[in-house]
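Working notes, beginning with the structure itself.
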Amino acid sequence: MSTLDPWLLERLVCPATRTPLRYDEAAQELVSDAAGLAYPIKDGVPVMLVEEARRIDGRVAD
C-alpha cells in the first residue's frame, strides 16, 4: 500500500464541489465529505473523475 504525497493532497480538491479532500489510506481513496464521493487512487495516481468516484452516502454531487 502506498501513501499519498502530502504536497499533492494539499492542492487537490473535489472536482464536483471544489472542497478539500480527506485521504483514506486504508481504502486508497480521496474522500469528499461535501459531495459524498470517494475518488480512487490507482497505482499511486488519484483518479479525479466524478464518474469514477464511489458514492459514500445517498447525496448527489452538484
Side-chain angles (χ1 to χ4, degrees):
M1 186 172 355
S2 63
T3 60
L4 191 65
D5 182 346
W7 180 89
L8 180 61
L9 182 57
E10 288 178 11
R11 285 151 181 80
L12 291 175
V13 295
C14 174
T17 62
R18 303 285 184 223
T19 56
L21 298 163
R22 174 173 53 84
Y23 178 43
D24 182 341
E25 186 174 1
Q28 286 296 290
E29 295 177 324
L30 291 173
V31 178
S32 170
D33 293 312
L37 297 172
Y39 297 92
I41 299 172
K42 297 181 181 176
D43 297 322
V45 179
V47 180
M48 303 304 297
L49 301 170
V50 173
E51 51 274 1
E52 294 291 322
R54 178 178 66 82
R55 297 212 178 276
I56 56 174
D57 63 18
R59 290 181 286 174
V60 175
D62 293 335

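It should be emphasised that the depicted structure is a prediction, and the values quoted were computed from it without experimental measurement.
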How close do [X] and [Y] get, heavy atom to heavy atom, and via which atoms?
{"X": "Cys14", "Y": "Ala35", "answer": "SG-CB, 4.0 Å"}
{"X": "Ile41", "Y": "Tyr23", "answer": "CD1-CE1, 3.5 Å"}
{"X": "Pro15", "Y": "Met48", "answer": "CG-O, 3.5 Å"}
{"X": "Ser32", "Y": "Tyr39", "answer": "CB-CE1, 4.2 Å"}

task: State which residues pass side-chain contact (heavy atoms from CB on, under 4.5 Å) with Leu8; sequence neighbours excluded, sorted by chain then number.
output: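 If we apply the side-chain contact (heavy atoms from CB on, under 4.5 Å) test to Leu8, skipping adjacent residues, the hits are Leu4, Asp5, Leu12, Pro46.
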- line: Residues pairing under salt bridge (charged side-chain N to carboxylate O under 4.0 Å, His left out) where one sits in residues 7-16, two or more places apart or in two chains, turn out to be none
query: According to the salt bridge (charged side-chain N to carboxylate O under 4.0 Å, His left out) rule, which pairs have a member within residues 35-52, sequence neighbours left out?
result: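 Of all non-adjacent pairs touching residues 35-52, those that pass salt bridge (charged side-chain N to carboxylate O under 4.0 Å, His left out) are Lys42-Glu52.
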- prompt: Listed by chain and number, what are the salt bridge (Lys or Arg N to Asp or Glu O under 4.0 Å) partners of Arg22, not counting sequence neighbours?
  reply: Asp33
message: Test question: given the 4.5 Å side-chain rule for I, L, V, M, F, W and Y, name all other residues clustered with Val13, or answer none.
response: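 So far as hydrophobic clustering goes, Val13 is joined with none.
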query: Which residues, ordered by chain and number, are linked to Val47 in its hydrophobic cluster, where ILVMFWY side chains connect at heavy-atom gaps below 4.5 Å, directly or through other members?
result: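 Besides Val47, the cluster holds Leu49.
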task: Give me the one residue out of Asp24, Leu37, Leu9 that meets side-chain contact (heavy atoms from CB on, under 4.5 Å) with Leu30.
output: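 Only match with Leu30 under side-chain contact (heavy atoms from CB on, under 4.5 Å): Leu9.
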task: State yes or no: do Val45 and Val31 share one hydrophobic cluster built from I, L, V, M, F, W and Y residues joined by side-chain heavy-atom distances below 4.5 Å, directly or via other members?
output: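 No.
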